[in-house]
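Below is one structure; the comments refer to it alone.
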Amino acid sequence: MIYVFNEYEERCRFDAFCKVVLRHEAIDYFRELNRQRKREIQFNTLSQHEMDKLCTVDNYPSGSFGYDLHIRDELVAGAFATLPEQEQKILILHCVLELANGEIGGFVGMSRSAVQRHRTKTLSELRKNLESKE
């Protein structure tokens with residue numbers, strides 16, 4: 001006697017297979033969540049000493065903003081110091097404070113497009129200057 005599967009039996013088998021796969025995926029997901037909970041800790045449980053290890057501070061030179069910014073890399077600091085003061089302001093406002101060209105233009109008294117031209121030209125000069133010193 002030859003047994004022939006009908007469509008209903010095939011659908012039932014496929015349904016059972018899908019349920020098994022989904023159950024095992026859920027098990028894997030919860031295991032991974034459990035592993036993450038064991039490895040991770042909350043920031044509020046860290047001591048001040050451990051929190052200090054996670055922080056970084058960037059220093060850039062410029063006296064034109066009322067405080068000193070210090071660059072730690074001597075090569076970059078030297079190349080930056082050779083730039084005119086207005087170009088230094090534009091780069092600091094763009095790179096450090098992440099202001100848009102229009103906002104920078106308001107600070108330095110230029111249009112947005114003029115700020116973009118100055119910034120692009122200054123960055124390419126700075127890049128060439130640094131590449132020639134290496």
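All values below were derived from every heavy atom in this structure, side-chain atoms included, with hydrogens, water molecules and symmetry-related copies excluded.
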I'd like to check [X] versus [Y] (side-chain heavy atoms, cut-off strictly below 4.5 Å). Are they in contact?
X: Ile92; Y: Cys95; value: no
X: Leu126; Y: Thr82; value: no
X: Leu130; Y: Phe80; value: no
X: Glu103; Y: Leu93; value: no
X: Asn34; Y: Phe30; value: no

Mind checking the [atom1]-[atom2] spacing from [X] to [Y]? Nearest 0.5 Å is all I need.
X: Leu46; Y: Leu54; atom1: CG; atom2: CG; value: 6.5 Å
X: Glu10; Y: Asn6; atom1: CD; atom2: CG; value: 7.5 Å
X: Leu99; Y: His94; atom1: CG; atom2: NE2; value: 9.5 Å
X: Leu22; Y: Ile27; atom1: CG; atom2: CD1; value: 11.0 Å
X: Asp28; Y: Leu33; atom1: CG; atom2: CG; value: 11.0 Å
X: Met110; Y: Arg119; atom1: CE; atom2: CZ; value: 12.5 Å

> After noting the C-alpha distance and the side-chain angles of Glu125 and Lys121, does the key distance pass the salt bridge (Lys or Arg N to Asp or Glu O under 4.0 Å) rule?
Replying inline: CA-CA 6 Å; Glu125 287 175 6; Lys121 178 185 69 100; 3.7 Å; yes
> For Arg11 and Asp15, what are the C-alpha separation, side-chain angles and deciding distance, and is it a salt bridge (Lys or Arg N to Asp or Glu O under 4.0 Å)?
Replying inline: CA-CA 6 Å; Arg11 281 186 288 170; Asp15 184 47; over 6 Å; no
> Looking only at side chains, do Gln86 and His118 share a donor and an acceptor under 3.5 Å apart?
Replying inline: no
>> What I want to check is whether the side chains of Gln48 and Asp52 have a donor and an acceptor closer together than 3.5 Å.
In response: yes
> Quick one: do Phe43 and Ile41 end up in the same hydrophobic cluster if we chain Ile, Leu, Val, Met, Phe, Trp and Tyr together by side-chain heavy atoms under 4.5 Å apart?
Replying inline: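 They do share one cluster, since a chain of ILVMFWY contacts under 4.5 Å joins Phe43 to Ile41.
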> Is a donor on one side and an acceptor on the other found under 3.5 Å between the side chain of Glu87 and the backbone of Thr122?
Replying inline: no
> Checking Thr120 side chain against Arg117 main chain: does a donor-acceptor pair fall under 3.5 Å?
Replying inline: no
> Take atom CZ in Arg31; do more than 12 heavy atoms of anything else shown fall under 6.0 Å from it?
Replying inline: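 No - once you tally the heavy atoms of other residues, nucleotides and ligands closer than 6.0 Å, there are 12 at most.
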> Less than 4.0 Å between a side-chain N and a carboxylate O, is that true for Glu32 and Arg39?
Replying inline: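 Yes, charged N to carboxylate O under 4.0 Å.
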